[in-house]
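When a ligand or atom number is given, it counts from 1 through the structure's own listing order. The shown structure was predicted, so the numbers you read here are calculated from the model rather than taken from an experiment.
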Amino acid sequence: MEYYSQKAAGITPYTPGERPVKPLVRINTNENPYPPSPDALAAACGVAALRLYSDPDAMEVRQAVVSAEKATGVALGAENVFVGNGSDDVLSMCYQAFFPPVGAEDKPLLIPDISYSFYPVFANLYGVAYQEEPLDEKFAVVSAGYLRPNAGVVFANPNAPTGIYKPLEEIVPILEYCLHRSVVVVDEAYIAFGGVSAATLLSRFPNLLVVRTLSKSHALAGLRVGYALGHPDLIEGLKRIKDSVNPYAVDYIAQKTAAAALRDVAYCAGITARILATRERVAQRLREMGFEVLPSSTNFLFVTHEGVDARRLYEGLADGGIWVRYFDMPRIKNFIRVSVGTDEEMDVFLERLARLLVPYGREASKKNKKIHILNTES
Ligand code: PMP
């Protein structure tokens, strides 16, 4: 007897990055390598009111987001902010709240063919028909593909796993096309590490929802706090879904900690600067080793090597206790995604990588010459 519902049996869930028991270096889930703000840690420990339900409106976090936005020149009110249990939670609610809008049931949701692998998972879970728009040959999102009848648009900017940022002027035509028709969700999980936020477009586009997370920029992946910025009508749509599922989804500790982290702007800027410096150093070193490194506006690097089989490379690294991410998917089969860790972690990674490439010497960088990592024990 099958106890699952047809729905549970029929879906393909998202696959999180591996969590080996004792990794030497784990740089496979784009976590921040530095600790969260001391203010955030103090707030987490100072929590007194666990007896009580958390604020279903997460007002302290929303106010902290409003202040942080104000500091960047974006004027918003608490009515423009929605807080969820991680941005995956917020994205999940977007699918239920906005896709497809009333009257657009025959049109597909549009997502990039290479992007965050949760987007099609949500679509399948919630029964939203979707179509994938191919990235161009340089892995950029092509705006023209989204200028057609749709039930909504979701993409990440900067994109993952490519790391590539799409300038705002290229996003505007999509927002203009969808205005009064459908919601455009811009997932800015990595915006702290590069690019200008689409939040600057919110006053022009009531159909834009910007989704962010504290998991990467604020080193709080384990806390599970994400948020959305948008027109009050969109915020109300998300609230209607949340209050129909789990009104207290963001717990008390999470709210106190997140608000303190958001207020500590200087700390966040400091750890971000360190990550960017490490990213550039590692990218340079990888290029010297013959890798093609896609231009990253994120806290990870997406890299390929013409002469090396990426899966074998991934396996060779894992054998040595170094965990990066490999996606067995069309077009990106020969890439690995490497999160930017501390300088020490990246040195261990680079050293191991260099040893894996040694048997091939200069051959590894020769064009069109397919070679394989053989000596994974080296
Ligand atoms: N969007 C993108 C593009 C991501 O890479 C991630 C992290 N896996 C998320 C959203 C979700 O982040 P979280 O749920 O931790 O806020």
Practice task
Answer yes if the side chains of Glu288 and Gln284 hold a donor-acceptor pair under 3.5 Å, and no otherwise.
Solution key: yes
Practice task
Report yes if some N/O of Ser87 lies less than 3.5 Å from some N/O of ligand 1; otherwise report no.
Solution key: yes
Practice task
Scan side-chain atoms only and decide if Asn159 and Tyr190 contain a donor-acceptor pair under the 3.5 Å cut-off.
Solution key: no
Completion exercise
One finds that the ligand 1 atoms under 4.0 Å from a non-hydrogen atom of Ser215 are 13 (P), 15 (O), 16 (O)
Completion exercise
atom 8 (N) of ligand 1 has as its nearest protein heavy atom Tyr116 OH, 3.2 Å
Handout entry: Ligand-side contact atoms (ligand 1) for residue partner Thr213, heavy atom cut-off under 4.0 Å
Key = 13 (P), 15 (O), 16 (O)
Practice task
State if Gly226 counts as touching ligand 1 under the rule of any non-hydrogen atom under 4.0 Å.
Solution key: no
Practice task
Select one of side chain, backbone, both or neither to describe which atoms of Ala189 lie under 4.0 Å from any atom of ligand 1, heavy atoms only.
Solution key: side chain
Exercise for the section: Specify the closest pair of heavy atoms between Pro112 and Val141, including all atoms of both residues, with the distance to one decimal. Expected result: CG-CG2, 4.5 Å
Practice task
State the atoms of ligand 1, each with its element, that fall below the 4.0 Å cut-off from a heavy-atom position in Arg224.
Solution key: 13 (P), 14 (O), 15 (O)
Handout entry: Polar contact flag, side-chain donor to acceptor under 3.5 angstrom, Lys166-Ser143
Key = yes
Completion exercise
Looking only at protein heavy atoms, what sits closest to atom 7 (C) of ligand 1 is Lys216 NZ, 3.0 Å
Exercise for the section: Over all heavy atoms of both residues, which pair between Leu202 and Leu76 is shortest? Give the atoms and the distance, please. Expected result: CD1-CD2, 4.0 Å
Problem - Any side-chain donor near an acceptor of the partner, Arg279 and Thr298, under 3.5 Å - result: no
Practice task
Using a 4.0 Å heavy-atom threshold (strictly under), name the region of Tyr190 that reaches ligand 1: side chain, backbone, both or neither.
Solution key: side chain
Problem - atom 11 (C) of ligand 1: nearest protein contact (heavy atom, Å) - result: Asp88 OD1, 3.0 Å
Handout entry: Donor on one side chain, acceptor on other, Arg263 and Gln63, under 3.5 Å
Key = no
Problem - Region of Asp187 that comes within reach of ligand 1 [heavy atoms, distance under 4.0 Å] - result: side chain
Handout entry: Validation row: Arg312, Tyr314 side chains within 4.5 angstrom (heavy atoms)
Key = no
